[in-house]
Asks: 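Please see the structure below; I have some questions.
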Amino acid sequence: MKNVVFLYAGFVQTHAFDMLFPKDFTAAPVEGAAGREKSAFALSLDWAARLKDRVKIVVAVSRQTEDKARREILKAGLEDECDVIVEQRWSTMLLLKRMAEAVSQNGAACVVYSAADRPFLDCRLTDLILADHEHYLSEYTFADGYPAGLSPEVVAAGSLNIMLALATKKPSFASDRVGRESLFNVLREDINSFEIETVIAPKDFRMLRLDFSCSSRAQTIACVQLFRLAVQRGTGFDALSLAECAASSPEVQRTVPAFYNVQIAQNLSTLTVYNPYPAAFSQKYGCSPVKKENPEPVNMSLASFTDLVEGIAGLSETAVVGLSGFSEPLTHPDFLQFVRVALAKPGISLLIETDGTLLTAPLAQQAAEIVKDSPERTGNWPAVMWIVAIDAVTDEMYGKMHTNAFTNGNGIRCFESAKAALVTLEHYFPGDVYPQFVRMKDNEEELERFYRFYHDPEAGTEGKLIIQKYDAFCGLLPDLKSADLAPLERNPCWHCKRDMLILPDGSVPPCREYVLDASCGNVFSEGVEAVWKKMGNLAADHIQGRYPDKCGTCDEYYTFNF
């Protein structure tokens, strides 16, 4: 079955061209640059060149990646077998259009598609996918259960134009950047109309949430570590062997943080029954963190935050930074300046959790203007995302959940103020605003009404919402969860592998469950990277099935942020 191999290299952020891997995968691991002769892009080309029944390799590049891609193609001696397509900015719709043209021009029966930053693409697994695709007359075939980045997707030639027609009906497909699930997102628009086949992994590795591509620093580190471990252990470089190696390796699973929950303010504007911070704060400082009772809070300074952002960008390159922690970020007098500092780094996106009672239209407008003036994000998330704590559909229930919430400073009921904040934020940040409901025994009766109301796009947030699991913080709060959502088998905690909580003074607890206690270090005096390294043993313990201290009683391990 003739096929066109379509490699996407129109990246905004990538390490695809970094020389990170030895030319021979059987070579011993090396230190420094010596012996590193291959990039992830070059290894993707090698995979494409080895595929059976290939009639053409098409490489999709941007202006930023064109020269590097052409040099690698020349180095591999594949200039006569490769067509290079250059676009200023790739979208899902444009990707499908160029695929359909390539298949038609070369008389191929299907396209074999992959990003071109994947060093471990498995030829044998690809052959299985192609065999199933042909045998079952499939329109779309992929491997399921393996970590991402080890196999391609295969689409029948006739299905590409159908998918392109589907994409034209949704404007976002013409404007979005190409991502890992771009093709499948189009299929979802009318998934029952397609014949889809899967090659199932012998074990399900999806819970690892790994992506072996060199598109971000975190994923690149994981790829390099996986290569080293595979050589050291003498395992194969097939998809199953690599997945099994990664499943037991802290070095692969924990690289750099994806989410930094930075508490910039010390005060709260409302007290919620599910937040342990007020009691912990009162015990430590002898007063309440509510704004009117703590008039001179010790907030994080803008200068300290600026240095912190430099450290975060240096360590993670791309990450989501929260500005909330346990408190209300809008109580900080320099809130907008914090937004400006963070968004100056194109790899950083912001998450702002608020009760909405202090949100005003001018503040939202100014924040939106900062976004407009900031560079385009190089990560996978919008510049700013907002979560508004609603937790109820009636004023009475809201009062039970937010115990001191009566009126804001303008005399407006806090419940009305919070709901109004959703409308205001959606106006300035369309599609990036989420009403949140922390599910508890106390408000369970309103859960369905909350879901039905906010799931309706007419509610004002495009049908987006968050149902948040209740957390008793390992016994600090009473057990009020309305349902046990824990999996049958325990998995290593996502938070110790991917998150860092930073308090206003720069101290870093092991995780949120410790609230204000058990600091692992201070990012202001030690630096972000040094503190992150000090916290690595906890993830290693979890991967080995050991759960020390609070971890043994915690049930937040199966929840994740980013």
Side-chain angles (χ1 to χ4, degrees), residues 5-21 33 36-48 57-76 78-79 81-99 101-102 113-119 121 148-149 152 172-183 211-224 256 312-319 343-349 371-383:
V5 182
F6 200 102
L7 291 174
Y8 175 74
F11 314 111
V12 176
Q13 167 76 28
T14 188
H15 292 272
F17 302 97
D18 296 353
M19 296 299 176
L20 300 170
F21 305 96
R36 292 185 176 180
E37 305 174 30
K38 286 279 189 177
S39 66
F41 180 86
L43 292 171
S44 298
L45 273 180
D46 289 349
W47 162 81
I57 300 172
V58 178
V59 183
V61 300
S62 65
R63 295 295 181 192
Q64 292 75 21
T65 61
E66 180 184 5
D67 289 345
K68 292 178 180 179
R70 290 188 185 278
R71 282 197 295 269
E72 292 280 17
I73 291 168
L74 285 171
K75 190 188 299 183
L78 294 171
E79 60 271 24
E81 300 183 50
C82 290
D83 287 343
V84 178
I85 302 176
V86 186
E87 297 287 352
Q88 184 65 37
R89 190 183 190 280
W90 286 89
S91 66
T92 298
M93 188 183 298
L94 188 56
L95 179 71
L96 285 166
K97 182 179 179 181
R98 297 294 181 246
M99 278 187 186
E101 291 170 352
Y113 171 73
S114 175
D117 57 359
R118 294 174 167 177
L121 288 164
S172 62
F173 288 129
S175 59
D176 66 347
R177 291 207 305 259
V178 174
R180 183 161 65 88
E181 295 189 348
S182 288
L183 297 189
D211 183 349
F212 292 119
S213 60
C214 292
S215 56
S216 69
R217 186 159 192 258
Q219 293 164 346
T220 302
I221 293 171
C223 288
V224 172
V256 294
I312 289 171
L315 178 60
S316 294
E317 286 187 351
T318 57
L343 295 186
K345 298 293 184 182
I348 290 179
S349 295
V371 172
K372 185 178 179 180
D373 293 339
S374 299
E376 182 181 6
R377 299 302 95 186
T378 56
N380 296 321
W381 300 99

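Hydrogens, waters and symmetry mates are skipped; everything else that's a heavy atom, side chains included, is used.
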Asks: Rounded to the nearest 0.5 Å, what separation is found between the OG1 atom of T318 and the CZ atom of R377?
Replies: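 Answer rounded to 0.5 Å: 11.0 Å.
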Asks: Working to the nearest 0.5 Å, report the span between CG of D46 and NZ of K38.
Replies: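 Interatomic distance, D46 CG to K38 NZ, rounded to 0.5 Å: 3.5 Å.
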Asks: Return the OG to CZ distance between S39 and F21, rounded to the nearest 0.5 Å.
Replies: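 Here the rounded value is 8.5 Å.
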Asks: So does L96 get a backbone contact from the side chain of R98, meaning a donor-acceptor N/O pair under 3.5 Å?
Replies: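 Judged by distance alone, no pair lies under 3.5 Å.
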Asks: Drop me the distance from E79's CD to E72's CD, to the nearest 0.5 angstrom.
Replies: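 Reported to 0.5 Å precision, the distance equals 13.0 Å.
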Asks: Okay, side chain of S213, backbone of R118: is any donor-acceptor separation there less than 3.5 Å?
Replies: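 No; zero donor-acceptor contacts below 3.5 Å.
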Asks: Are any of the side-chain heavy atoms of C223 and F212 separated by less than 4.5 Å?
Replies: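 Yes, side chains in contact.
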Asks: I need the M99 CE to I85 CD1 distance, nearest 0.5 Å.
Replies: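 It comes to 10.0 Å.
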Asks: Determine whether a donor-acceptor pair (N or O, by modelled atom type, separation under 3.5 Å) exists between the side chain of S349 and the backbone of W381.
Replies: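 Checking the backbone N and O of W381 against the side chain of S349, a donor-acceptor pair under 3.5 Å is found.
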Asks: Between R89 and E376, is there a side-chain N and carboxylate O pair less than 4.0 Å apart?
Replies: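 A salt bridge links R89 with E376.
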Asks: Assign the ring pair W90 / F6 to parallel, tilted or perpendicular, where the plane angle (0 to 90°) is split at 30° and 60°.
Replies: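 Perpendicular.
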Asks: For the atom pair OG (S316) and NZ (K345), what is the distance rounded to the nearest 0.5 Å?
Replies: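 Rounded to the nearest 0.5 Å, the OG-NZ separation comes out at 13.0 Å.
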Asks: How about F41 and T65: do any of their side-chain heavy atoms sit closer than 4.5 Å?
Replies: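 Answer no - side chains too far apart.
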